[in-house]
Asks: 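Structure in structure tokens, see below.
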Amino acid sequence: MQLIKTNDHMNVLGIESSCDETSVAIIVNGKLAANLISSQDFHAKYGGVVPELSSRAHLQIIIPLIKDALKKSDLELKDIDLICSTAGPGLIGALLVGLTFAKGLSYSLNKPFIPVDHIEGHIYSGFLMNDKPEFPYLTLVVSGGHTLLVLVNSLTEMSILGTTLDDAAGEAFDKVSKMLGFPYPGGPQIQKSAEMGDEDKIDFPVAETKGYDFSFSGLKTAVLRYVQKNYPEKKIPKQDLYDIAASFQEAAVKALTQKTKKAIENYNINSVSLVGGVAANKKLREAFINLSGKYQKKLVIPDLQYCGDNAAMIALRGKTLYDSGKKFGLDYPPYPGFRFEQYH
Ligand code: KG4
Ligand code: ZN
């Protein structure tokens with residue numbers, strides 16, 4: 001599948017190591033030749049990602065993963081023409097592994113290096129699909145650390161319409177999952193349990209926020225209070241667990257869909273896109289299918305492998321930045337937090 005219209009014959013390497021997934025991708029002549037993802041499942045027993053363990057795991061797997069990706073693409077290291085890596089936001093020690101590796105490769109191969117913003121990677125991840133978003137488009141980014149509603153005008157221009165005032169959507173799934181005693185990451189656990197529950201059982205609140213902003217801390221606290229009040233012994237029967245998960249998921253999906261609906265009504269857009277780890281959620285995907293159908297907008301939701309963290313989106317974003325003439329030095333630093341200034 002052609003990702004980018006390209007007249008050149010470039011082999012682009014992408015590296016992602018911002019959190020608990022190490023990923024390496026290679027784009028050959030505009031087509032994705034490899035997208036390998038190694039997930040650090042061992043964090044589950046700690047109930048969340050342990051930063052130092054994450055850095056060490058990235059360090060151990062990055063070289064074997066690059067070798068495998070080269071093999072899969074039928075290339076050698078010397079054939080790589082462009083090296084892209086996530087620079088932030090993320091865990092600083094984890095980011096350092098991929099970013100420093102990319103810089104080292106760039107220096108030794110004497111090939112250009114492009115640092116990529118992880119959130120921008122997600123925002124444009126719809127372009128990994130056959131049927132691509134059409135500008136201007138509205139994208140809802142829902143990941144473990146960020147929730148953003150973004151108006152994307154072109155490959156270089158975008159503006160944030162709304163963001164979360166407190167917890168990110170994925171964070172809310174993870175925290176509620178933890179309250180219910182499920183392992184990390186919580187999103188898939190909540191989804192699985194919710195399938196066996198009644199979403200109308202409990203009326204959890206959907207925050208009333210200004211404009212296009214989101215808030216999930218009230219919903220999270222409502223679930224906590226409900227659990228504390230009804231199960232002081234902390235023993236929750238299975239069916240009740242399922243009902244709580246389903247009712248929470250219903251409220252979270254409603255909150256995300258409601259603001260997107262408002263933006264569709266108020267902006268002149270051609271497509272709608274749903275991206276990031278939480279975009280894997282079946283209920284949310286269904287809600288977006290209904291929403292885009294109602295307003296007759298083209299909908300692009302990446303396949304599951306491109307919703308969670310992956311290097312394909314990093315390689316793709318890096319190549320577009322390179323094609324737009326952007327140049328970066330090897331002194332480009334990793335950054336932990338979200339950079340609002342990139343969105344004008
Ligand atoms: O984009 P991502 O892989 O990493 C970050 O950039 O943060 O997103 C991870 C988040 C986690 O909070 C995880 O619980 C959530 O995505 N997630 C889901 C599902 N699969 C992953 N949330 C809801 N339903 C899912 N099926
Ligand atoms: Zn992500």
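Index from 1, following the sequence. Order of appearance sets the numbers: ligands from 1, and atoms from 1 within every ligand.
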Asks: Measure from atom 26 (N) of ligand 1 to every heavy atom in Gln191, Glu21, His118, Gln249 and give the option owning the shortest one.
Replies: Gln191

Asks: Look at atom 21 (C) of ligand 1 and find which of Gly187, Gly145, Gly277, Gly276 reaches it with the closest heavy atom.
Replies: Gly277

Asks: Give, for atom CD1 of Ile114 and atom CD1 of Ile314, the distance between the pair rounded to the nearest 0.5 Å.
Replies: 12.5 Å

Asks: Taking atom types as modelled and ignoring hydrogens, do the side chains of Glu250 and Ser247 form a donor-acceptor contact shorter than 3.5 angstrom?
Replies: no

Asks: Flag Val142 as yes when one of its N or O atoms lies below 3.5 Å from any N or O atom of ligand 1, and as no otherwise.
Replies: no

Asks: Can we call the ring centroids of His146 and Phe338 under 6.0 Å apart?
Replies: yes

Asks: Provide, to 0.1 Å, the distance between atom 10 (C) of ligand 1 and the closest protein heavy atom, together with that atom's residue and name.
Replies: Gly144 N, 3.5 Å

Asks: Which residue supplies the protein heavy atom nearest to atom 15 (C) of ligand 1, what is that atom called, and how far is it?
Replies: Val278 CG2, 3.9 Å

Asks: Just to confirm my numbers, could you give the angle made at the Zn ion (ligand 2) by NE2 of His122 and NE2 of His118, rounded to 10°?
Replies: 90°

Asks: Could you tell me the residue and atom name of the protein heavy atom closest to atom 12 (O) of ligand 1, and the distance to it rounded to 0.1 Å?
Replies: Asp174 OD2, 2.7 Å

Asks: Looking at Gly170, which atoms of ligand 1 are within less than 4.0 Å of one of its heavy atoms?
Replies: 12 (O)

Asks: Taking only Lys NZ, Arg NE, NH1 and NH2, and the carboxylate oxygens of Asp or Glu, determine whether Lys298 and Asp131 approach each other closer than 4.0 Å.
Replies: yes

Asks: Counting C-beta onward and ignoring hydrogens, is there a side-chain heavy-atom pair between Phe127 and Val300 closer than 4.5 Å?
Replies: no

Asks: Using only N, O or S atoms, tell me which atom of Asp309 is closest to the Zn ion (ligand 2).
Replies: OD1

Asks: Is ligand 1 less than 4.0 angstrom away from at least one heavy atom of Cys19?
Replies: no

Asks: Where does the angle between the aromatic ring planes of Tyr124 and Tyr137 fall among parallel (under 30°), tilted (30 to 60°) and perpendicular (over 60°)?
Replies: perpendicular

Asks: Run the numbers for me: atoms of ligand 1, each under 4.0 Å from some heavy atom of His122, listed by number.
Replies: 1 (O), 6 (O)

Asks: Under 4.0 Å, counting heavy atoms only: does His146 come that close to any atom of ligand 1?
Replies: no

Asks: Please identify which atoms of ligand 1 are closer than 4.0 Å to at least one heavy atom of Gly308.
Replies: 3 (O)

